Novice: 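Have a look at this one before I ask anything.
None of the values given here were measured: they were computed from a predicted structure. Note that the numbering runs from 1 along the sequence shown for the chain.
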Amino acid sequence: MTSSSVASQLVVEPVAIGPSWQRDENGKFVLPERSLGYYGAAVWVPENLRHPDGSPFKLTPEQTRLFVWWYAVDERGRFVYRDGVIQRIKGWGKDPFAAVVAAFEFVGPCRFARWDGDDPVGVENPAAWVQVAATSKDQTRNTMTLFPGLFSKRCVEEHQIDIGKEIIYAHKGARRIEAVTSSPRALEGGRPTFTIANETQHWVDRTNEGHAMWAVIQRNAMKAPEGSSRVLAITNAYDPAEDSVAQRTREAWEKIQAGEFADSGIMYDSLEAPYDAPLTLEAAPAVIAAVRGDSYWVDPESYARFVIDSRTPPSEARRFAYNQITAAEDAWVDPKHVQHAIRKDPEPPISPADEWVLFFDGSKSDDSTGLVGCRLSDGHIVTLGVWEKPSGARGQGWIVDRFDVDQTVRDVFKSRKVVAFFADPSHARDDDGFGYWDAVIDGWHRDFGDQLQLWAVQSGPNRHSIMWDMSWPSNHRLFTQAAEAFVVEIEEQAKPDKPLTLTIDGHPLLVAHMRNARRFPNRFGVSLMKEHRESPRKIDLAVCAVGARMVRRMILNRGQSGKRPGNFRGFKR
């Protein structure tokens, strides 16, 4: 049996996200009660726009649902969605669809005017200012080059459309479509009526000021009355290691769905392969056929060759052909596993009987300083403190406030029953040449050592209840083993019908640090590290989480609960 015949027998159920995929109890797609998009999709688009072959432009059923939902209005005639994201596989047709929406915003009846019974009636925006925004000219060109052949001859004449390479005018300059890639400062203060944010998976801070540009676009849209200026982003699946605008938007939407934040009006629409979809020649055509939606021009067989090509990294195959948000090959843990580990039920009240272990990772300025706790009974991980250098000018000359850290630790000891506490001090030095954290950790040792059941260094000249230097070879080996065990457990529990044995509190910085961490092979196994020494993406809370689980395992394996390790006289102040 050939691979294509095998694929034809496979049934793949894609992960459908967004309003365009909602179905009723009879399996029919749900559509909004009121929308300016009904007339736009059925009448205006085919009458005014053309395919490259000159035929009237006709949206596919999937694109029609997207168009109708994007222009849904409430009982007041205001748009239901403030901004939107369309995430699809590469080649789906995001740019042509965005061009159609931009054209409708440019010279179509895109704004609410009145009611005809229960139906909203639209009117053109006489001051339409449409921006196609991206972080490079190449990205804007993907959409802008579609306009010269998009408008019908009648539409061009009726609206006096003058098509240029980077600016398109209508009605003698009263309306325009323009490509923008300038700096965020240059965009500040504009009043566009609609913005296409192109390829937001590439909008990052470290290379192109993507986040700053997004913030300006959002502020500009905010100034429009009654939410009439909106932003529609088009994107491929993002790389979760890059902290892009696409990633932050998806994570914000997921938090809204989880009930953590109020609904801010984001329309997020995506069609993704199931998490366990295999990257094989037999499976790939069926997977691609499922996630391409109505884009019949996407050839599953051709895409399958890209998927199985040994030169294609698995993460790229999944992002571009399967529309899956995946970790890069060197990611320490998969972001989906991190998300799965977040405890969904509310955190139970702290019981005086609960025993806790702590792990501290100290820094002075560049890296983060973190404190994480792990409950002995169930292994649940909580973020107790994080100190991170502020961004921009506020971060210049910043060093962590040791007094604040010290007070936080002491508050934890007051509120929880701590039975073990390991602190990695880092090698940062104070102005006097001594370790930046040495005196603080020594103070914890003197004040709390007599209540700890397990000491960090139990014998020898460096005997200490809390100071645990990870750079020591023996400690480096222990931590590497703990990092490997952490990954195995978080992966295993993500399988179907597996219980959660490793849970985290979902603190946004803990989640981010776990996603930022990269694999670090060493002579003891595979640990975790930053992507490179100067990377702004921190991992310190991930280190603390691994350390806390390591200390918990050491306590449980001792089998000596309640026994103190020796005489503490001489260590008290």
Novice: Please collect all ring pair (Phe, Tyr, Trp, His ring centres under 6.0 Å) contacts where either partner lies in residues 487-522, sequence neighbours excluded, each pair once.
Specialist: none

Novice: Which residues pass the side-chain contact (heavy atoms from CB on, under 4.5 Å) test with Asp239, not counting sequence neighbours?
Specialist: Ala241, Glu242, Arg319, Ala328

Novice: Quick check for you: to the nearest 0.5 Å, what is the distance between Ile539 atom CD1 and Asp361 atom CG?
Specialist: 8.5 Å

Novice: Who passes salt bridge (Lys or Arg N to Asp or Glu O under 4.0 Å) against Asp138, sequence neighbours left out?
Specialist: Arg141

Novice: Does the distance from a Lys or Arg side-chain N to an Asp or Glu carboxylate O, for Asp243 and Arg248, drop under 4.0 Å?
Specialist: yes

Novice: Suppose the criterion is ring pair (Phe, Tyr, Trp, His ring centres under 6.0 Å): which pairs have a residue in residues 15-51, not counting sequence neighbours?
Specialist: Trp44-Phe104, His51-Phe57

Novice: Could you tell me whether Arg292 sits above the aromatic face of Tyr303, with NZ or CZ closer than 6.0 angstrom to the six-membered ring centre and within 45 degrees of the axis?
Specialist: no

Novice: Checking Asn516 now: which residues fulfil side chain to side chain donor-acceptor pair (under 3.5 Å) with it, not counting sequence neighbours?
Specialist: none

Novice: How many angstroms lie between atom CZ of Phe106 and atom CD1 of Ile161, to the nearest 0.5 angstrom?
Specialist: 5.5 Å

Novice: For the CD atom of Gln218 and the CE atom of Met213, what is their distance to the nearest 0.5 Å?
Specialist: 12.5 Å

Novice: Suppose we screen for side chain to side chain donor-acceptor pair (under 3.5 Å). Which residues come up paired with Trp92, at least two apart in sequence or across chains?
Specialist: Glu62

Novice: List for me each residue that meets salt bridge (Lys or Arg N to Asp or Glu O under 4.0 Å) alongside Arg111, sequence neighbours excluded, and say none if there are none.
Specialist: Glu105

Novice: With the threshold set at 4.0 Å, does a side-chain nitrogen-carboxylate oxygen contact exist between Asp269 and Arg88?
Specialist: yes

Novice: Given Arg311 and Asp309, is the salt bridge (Lys or Arg N to Asp or Glu O under 4.0 Å) satisfied, shown in steps?
Specialist: CA-CA 5 Å; Arg311 295 166 295 183; Asp309 193 318; 2.8 Å; yes

Novice: Applying salt bridge (Lys or Arg N to Asp or Glu O under 4.0 Å), name anything that partners Lys255, two or more places apart in sequence or on another chain.
Specialist: none

Novice: Tell me, please, which residues at least two apart from Val488 pass side-chain contact (heavy atoms from CB on, under 4.5 Å).
Specialist: none

Novice: Do NZ/NE/NH1/NH2 and the carboxylate oxygens of Asp367 and Lys530 come within less than 4.0 Å?
Specialist: yes

Novice: Flag the pair Asp330 and Arg518 as a salt bridge only when some basic side-chain nitrogen lies within less than 4.0 angstrom of an acidic carboxylate oxygen.
Specialist: yes

Novice: Not counting sequence neighbours, which residues clear side-chain contact (heavy atoms from CB on, under 4.5 Å) with Pro56? List them please.
Specialist: Pro46, Arg50

Novice: Before accepting this row, confirm whether a basic side-chain N of the pair Asp540/Lys538 lies closer than 4.0 Å to the acidic partner's carboxylate O.
Specialist: no

Novice: Can you list the residues that meet the salt bridge (Lys or Arg N to Asp or Glu O under 4.0 Å) rule with Asp95, with sequence neighbours excluded?
Specialist: none

Novice: Kindly write out the residues that satisfy side-chain contact (heavy atoms from CB on, under 4.5 Å) with Leu500, not counting sequence neighbours, or none if the list is empty.
Specialist: His340, Gln493, Thr503

